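Notes for the one structure printed next.
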There are 2 protein chains.
Amino acid sequence: MTPLSPNASEPGVRRATITDVARLAGVGIKTVSRVLNDEPNVASATAERVRQAMAQLRWEPDLRARNLRRSDGRTHTIGLLVGSVTNPFAAQVNRAIEDAAAVRGSAVLTVSLDEDPEREIAAVAALTRRRVDGIALMPIAPSQAHLQAAMDHGLAVVCVDREPRGIAVDAVRSDSRTAATVATRHLLRRGHRRVGLLLDREDLWTAQQRRLGFLDALHAAGIDPTDCPILPGLRDAESSSMAAARLMRSDAPPTALFCGKNLITFGTVRALQHLGLQHRVALVGFDDFEFADLLDPGVTVVAQRPSQIGRLAAERLFARIERSDSRAPEAIDVPTDLIERGSGEIPPPAP
Amino acid sequence: MTPLSPNASEPGVRRATITDVARLAGVGIKTVSRVLNDEPNVASATAERVRQAMAQLRWEPDLRARNLRRSDGRTHTIGLLVGSVTNPFAAQVNRAIEDAAAVRGSAVLTVSLDEDPEREIAAVAALTRRRVDGIALMPIAPSQAHLQAAMDHGLAVVCVDREPRGIAVDAVRSDSRTAATVATRHLLRRGHRRVGLLLDREDLWTAQQRRLGFLDALHAAGIDPTDCPILPGLRDAESSSMAAARLMRSDAPPTALFCGKNLITFGTVRALQHLGLQHRVALVGFDDFEFADLLDPGVTVVAQRPSQIGRLAAERLFARIERSDSRAPEAIDVPTDLIERGSGEIPPPAP
DNA sequence: AGCCGGGATGACACCGTTGTCGCCGAATGC
DNA sequence: GCATTCGGCGACAACGGTGTCATCCCGGCT
């Protein structure tokens, strides 16, 4: 085996530059640049010499320097801001966007915001300094107006999962309101009259929409909303689990639950199992997840399509970046799919 | 509400540069630079004028230009190469590294390789052109020697989850061999004599180690390895599920299974449930996962500590980047935790 | 033979920042 | 009172590439 030079043996070799390549090939730097960029008007013999010099020196052009001067001004880098890369929904969106970016030769800078508005603002500033071509954002701050200055300088923006506020940009998300109506109606059709809704922070667009959809369904069925408790402000599985347990131990607990996002479903499923109620209380979750089908009972969900959302968002973003789309910003609804697995089909107890 | 200027209204304003700030503040550009970098020898009144000019123009310095000239040569950007950001293990590692990078003002370029060696090489080349300061890599290519040239130019590298080949760099990973031994011994102690091992591609270091650990345990218990089938080459949940089903339908199927990574566990759990064997065949998985405790039976696992692995990897990486650590490259073992939940404690059927 | 067009090429400015260095003026030392 | 320091500041080169433009050369056409 060949001897290995250790990690710490740095500066080592000075990195080759275009000047070194030019000198070795016996040409001017501009000719090297021409070869690198496949520009015309280079004799094939010259081009070959240049390519050999590049290979011999293992030269890789410096994209910072290149972008700095280039007329299109693009860095071929985009930013992705999500709640957390560990959230399965965000991870799927992330992957879809990464794939779309890779096809176009762009790299992705991913940032987890932990649903903190200040981190959204800080992250955007940091990405702006890096001159990313575009940003795909799951908005969390009360307003996205802080992006306007960067947009005036040509930054493209697309919002994912939630509607933006204070700026006019494309948005790609599930039709949360309709999805919530469908899920709630599904429970009501089984005869439930006391349905509980567990929700994320209500300053989020998604939570608002899902609440509206929930109420739409109650209204259509002529149900008194005051019989249907709404528990908002649930940020993670932990707090959701505690909230669900408290709710089920209350006087007149609901006979069915609708969970407004994946982490809430996780917590609620846990709570019901611990209380031994998983076969007595109906449950529909928002967002599909691994093993939803193998739990007992299987968890009925309104599944989002995160890959599709990510793919569409990336397409909009790159269309804006390449200025190939100058239509007015638009909101794109991605459909959801109700998947029946058992938990959502539990009937209310006989009166 | 204020009117919103649409996304497509680009070039719009020319972006302010340090020259604009200098002119507005009535100073030289170098003074602006000094204020920006908190360098000494600027009168406080002057600094204040400069800061006002910065704010007024909403100027954000261009990090590309800055890094290009700076003497330390750092871009404050690192690369992270994983199998896929949708894999929960990778996602946790990703998050830990992102957090460590954020503290140090570095951004993370994440790339999913889909376990494709060629993409590893291509991704490293792309990151090299971007002049990242370091790369955290879950190695997939047969050799990582392709990183040597970049390392000679100062690139820092740390390997995650798997051992590197062909280069000398730090590595942070679980002690797979010991973990596999512990898991296998756990099954053997319950009386199993025919234990099946389901494995990832055997060219991967982790799969090799887990196989060795498995055999170690058999050997120590005096068990004939030929009674214990090994199914390698399982890349995803799908193929694992099919392989597990085929195995259980064979003559003399094993009475216990050990799954060599998270996706294999997912597939195998599915297969056992579909065959109705989940309470008759013991199973231990590698890697913990959401709902492992709520399945029936609960899934016993050897849990890795992905956050810790990511954190330690990032610490090594930044130590190398900052040249604050010049020790020889080192392999760091992160312990695993056997978590008993039921599936691993199922005894073999009475003879 | 002289003119012209265009392919091949390099000199040089430039992108937006930081590093080097020199200049100026005020404070300090003797 | 004069040399010496030093704080404050800007001119200019440099980072590693690309854009612009001038130049050279050669073949084809009058």
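Just so we're clear, the structure is a prediction, and the values are computed from it rather than from any experiment. Per chain, numbering begins at 1; letters A, B, ... match sequence-line order.
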* To do: Please state how far atom CG in Leu68(B) lies from atom P in dG16(C), giving the value in whole angstrom units.
  => 12 Å

* To do: Estimate the overall bend of the helix from dA1(C)-dT30(D) to dC30(C)-dG1(D) from the end axes over five pairs each, rounded to 10 degrees.
  => 50°

N/O-N/O pairs, protein side and nucleotides 17-19 of chain C side, under 3.5 Å:
{"from": "dT17(C)", "atom 1": "OP1", "to": "Trp59(B)", "atom 2": "NE1", "distance (Å)": "3.2"}
{"from": "dT17(C)", "atom 1": "OP1", "to": "Asp62(B)", "atom 2": "N", "distance (Å)": "2.9"}
{"from": "dT17(C)", "atom 1": "OP2", "to": "Ile18(B)", "atom 2": "N", "distance (Å)": "2.5"}
{"from": "dT18(C)", "atom 1": "OP1", "to": "Asn37(B)", "atom 2": "OD1", "distance (Å)": "3.4"}
{"from": "dT18(C)", "atom 1": "OP1", "to": "Asn37(B)", "atom 2": "ND2", "distance (Å)": "2.9"}
{"from": "dT18(C)", "atom 1": "OP1", "to": "Arg66(B)", "atom 2": "NH1", "distance (Å)": "3.4"}
{"from": "dT18(C)", "atom 1": "OP2", "to": "Ser33(B)", "atom 2": "OG", "distance (Å)": "2.6"}
{"from": "dT18(C)", "atom 1": "O2", "to": "Arg69(B)", "atom 2": "NE", "distance (Å)": "2.7"}
{"from": "dG19(C)", "atom 1": "OP1", "to": "Ser71(B)", "atom 2": "OG", "distance (Å)": "3.3"}
{"from": "dG19(C)", "atom 1": "O4'", "to": "Arg69(B)", "atom 2": "NH2", "distance (Å)": "3.4"}
{"from": "dG19(C)", "atom 1": "N7", "to": "Lys30(B)", "atom 2": "NZ", "distance (Å)": "2.8"}

Tabulate below the donor-acceptor pairs under 3.5 Å that side-chain atoms of residues 306-318 of chain A make, not counting sequence neighbours, or state none.
{"from": "Gln308(A)", "atom 1": "OE1", "to": "Arg305(A)", "atom 2": "NH1", "distance (Å)": "3.3"}
{"from": "Arg316(A)", "atom 1": "NH2", "to": "Glu330(A)", "atom 2": "OE1", "distance (Å)": "2.8"}

For residues 36-44 of chain B, dump all side-chain donor-acceptor pairs below 3.5 Å to protein atoms at least two apart in sequence or in another chain.
{"from": "Asn37(B)", "atom 1": "OD1", "to": "Arg66(B)", "atom 2": "NH1", "distance (Å)": "2.8"}
{"from": "Asn37(B)", "atom 1": "OD1", "to": "Arg70(B)", "atom 2": "NH2", "distance (Å)": "2.6"}
{"from": "Asn37(B)", "atom 1": "ND2", "to": "Ser33(B)", "atom 2": "O", "distance (Å)": "2.8"}
{"from": "Asn37(B)", "atom 1": "ND2", "to": "Ser33(B)", "atom 2": "OG", "distance (Å)": "3.4"}

* Could you verify whether a donor N or O on one side chain and an acceptor N or O on the other, from Arg320(B) and Ser326(B), lie under 3.5 Å apart? => no

* Check the pair His76(A) / Leu63(A) against side-chain contact (heavy atoms from CB on, under 4.5 Å), numbers first and verdict last. => CA-CA 9 Å; His76(A) 289 275; Leu63(A) 289 191; over 6 Å; no

* Out of Arg162(B), Glu120(B), Arg165(B), Glu163(B), which one pairs with Gln144(B) under the side chain to side chain donor-acceptor pair (under 3.5 Å) rule? -> Glu120(B)

* **For Thr128(A), all residues meeting side-chain contact (heavy atoms from CB on, under 4.5 Å), sequence neighbours excluded** => Val124(A), Arg131(A), Ala150(A), Arg15(B), Glu60(B)

* Taking everything shown except Arg58(A) itself, do over 12 heavy atoms lie less than 6.0 Å from its CZ? -> no

* Gap between atoms CZ and C1', on Arg14(A) and dC15(D) respectively (whole Å) -> 12 Å

* Neighbours of DNA chain D within residues 41-51 of chain B, by heavy-atom distance under 4.0 Å -> Asn41(B), Val42(B), Ala43(B), Thr46(B)

* To do: Answer yes if the side chains of Arg95(A) and Ser84(B) hold a donor-acceptor pair under 3.5 Å, and no otherwise.
  => yes

* **Stepwise side-chain contact (heavy atoms from CB on, under 4.5 Å) test for Leu80(A) and Val111(A)** => CA-CA 6 Å; Leu80(A) 171 62; Val111(A) 182; over 6 Å; no

* Asked: Hey, does the side chain of Thr31(A) come within less than 4.0 Å of dT9(C)'s phosphate (OP1/OP2), counting only N and O?
  -> no

* Member of Thr19(B), Asp20(B), Ile18(B) meeting the side chain to side chain contact (heavy atoms under 4.5 Å, CB included) criterion with Val32(B) -> Ile18(B)

* Asked: For Asp38(A) and dT18(D), what is the distance between atoms CG and C1' respectively, to the nearest whole Å?
  -> 15 Å

